[in-house]
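Worksheet for the structure shown next.
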Amino acid sequence: MATEPDNVYAASPAPGRGAPVRWHLPALFLAVISGLVLILVSQQMLPGAPCVAVLALGFFSMQIGPAVAAVLMMRSQVGAGERCAAVHLDQRPSGLGGSGLRVVFVVTPLVLAINVVMLLVLGLSGWEPTPNPMLEMLAAGGLGTVAMLIFGAVVIAPVCEELLFRAVLHGALSARLSWAPAAVMTALIFATVHGIVENVPALFVLGLILQRQLRDSGSLWLPIMTHAVFNGVIVAILLLTRCLGYADELI
């Protein structure tokens with residue numbers, strides 16, 4: 001049976017190993033549990049720690065840790081020569097410059113427009129906006145906090161989230177489902193785990209766009225670049241409004 005074009009489990013398992021799909025989904029659950037434990041530890045043991053330390057532990061528990069856990073489990077099922085191919089990091093897509101421009105002038109405005117419409121609809125219904133600590137710290141934090149947030153948003157989040165969602169999670173799901181249902185489920189999980197109700201529709205659309213980029217390009221580098229540019233544009237907008245004194249109106 002032919003595999004889906006962007007199925008990360010297309011690589012053959014190492015000799016003597018079982019089917020990779022048997023391990024990847026448990027790996028994700030293990031990663032989530034470990035992340036929750038680390039979050040609880042950070043809340044209990046570091047209440048008075050500098051924001052930079054709390055942010056570093058937060059990025060590790062919510063992004064780096066789960067991504068590393070999933071990849072380590074995958075390594076036990078995929079041969080050494082197939083590991084990069086298994087997560088589509090073995091080739092670089094062409095036309096990254098044009099893709100970056102599309103992110104700035106098409107993808108970002110589209111996602112922001114969906115978010116604005118959602119905020120308006122919820123506002124008319126009397127919905128109270130969900131607090132976003134990351135945006136609040138970016139708007140009012142010190143230099144170290146802002147630098148850590150920028151690094152996390154532009155480097156850590158794109159690499160770890162695309163590896164975890166677009167490659168590992170979608171690959172595990174598409175090993176049993178067709179591409180479209182797996183993409184919808186992956187995008188929905190991607191949107192909801194961010195924890196901001198108002199952002200779910202916009203992030204869901206972004207997740208579908210990123211998954212389609214992986215399928216069309218065959219390379220995880222394109223969605224990583226798109227995610228990084230998107231986050232970078234959002235950060236730049238918020239920093240600009242902070243400099244102009246209007247940041248409080250956006251958070």
Side-chain angles (χ1 to χ4, degrees), residues 1-12 20-21 23-25 27-28 31 63-64 66-71 73-75 77-78 82-108 110-111 114 153-194 200-234:
M1 178 182 295
T3 57
E4 290 294 332
D6 68 338
N7 187 353
V8 300
Y9 304 96
S12 301
V21 72
W23 293 98
H24 291 291
L25 287 178
L28 293 176
Q63 295 172 325
I64 299 175
V68 169
V71 170
M73 291 296 286
M74 182 168 59
R75 289 184 69 228
Q77 298 297 313
V78 179
E82 301 168 325
R83 289 170 187 166
C84 284
V87 288
H88 300 286
L89 290 174
D90 59 333
Q91 58 179 326
R92 296 178 183 272
S94 59
L96 286 179
S99 298
L101 291 176
R102 283 193 293 273
V103 174
V104 174
F105 295 108
V106 179
V107 176
T108 301
L110 172 64
V111 175
I114 295 172
V154 178
V155 178
I156 296 177
V159 173
C160 293
E161 290 181 8
E162 293 313 302
L163 182 64
L164 186 60
F165 290 101
R166 241 57 62 191
V168 176
L169 179 57
H170 184 267
L173 292 173
S174 62
R176 296 184 176 182
L177 304 172
S178 61
W179 184 89
V184 170
M185 291 179 64
T186 301
L188 185 59
I189 296 172
F190 168 73
T192 54
V193 297
H194 282 79
V200 168
L203 292 177
F204 174 74
V205 172
L206 178 62
L208 291 178
I209 292 172
L210 294 169
Q211 197 69 58
R212 179 62 181 267
Q213 286 186 331
L214 175 57
R215 187 181 76 168
D216 292 346
S217 68
S219 172
L220 192 64
W221 292 111
L222 181 56
I224 287 175
M225 185 276 297
T226 297
H227 198 153
V229 172
F230 176 81
N231 284 0
V233 171
I234 301 302

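Position 1 is the first residue of the sequence; numbering continues from there.
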Mind listing the closest non-hydrogen atom pair of [X] and [Y] along with its distance?
| X | Y | result |
| --- | --- | --- |
| Ala202 | Val111 | CB-O, 3.4 Å |
| Pro158 | Ile224 | CB-O, 3.6 Å |
| Gly100 | Val229 | O-CG1, 4.2 Å |

Rounded to the nearest 0.5 Å, what separation is found between the [atom1] atom of [X] and the [atom2] atom of [Y]?
| X | Y | atom1 | atom2 | value |
| --- | --- | --- | --- | --- |
| Phe165 | Leu173 | CZ | CG | 11.0 Å |
| Ile189 | Leu203 | CD1 | CG | 14.0 Å |
| His227 | Ile209 | NE2 | CD1 | 12.0 Å |
| Glu161 | Arg166 | CD | CZ | 8.0 Å |
| Leu89 | Leu163 | CG | CG | 6.5 Å |
| Leu101 | Leu96 | CG | CG | 11.0 Å |

How would you list, by chain and number, every residue that makes a salt bridge (Lys or Arg N to Asp or Glu O under 4.0 Å) with Asp90, sequence neighbours excluded?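 Result, salt bridge (Lys or Arg N to Asp or Glu O under 4.0 Å) vs Asp90: none returned.
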Check for a donor-acceptor pair, side chain of Thr108 on one end and backbone N or O of Phe230 on the other, with a separation under 3.5 Å.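 No, because the side chain of Thr108 does not come within donor-acceptor range (under 3.5 Å) of the backbone of Phe230.
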Out of the candidates Arg92, Gln213, Gln91, only one should pair with Trp221 under the side chain to side chain contact (heavy atoms under 4.5 Å, CB included) rule; please name it.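 Result for side chain to side chain contact (heavy atoms under 4.5 Å, CB included) with Trp221: Arg92.
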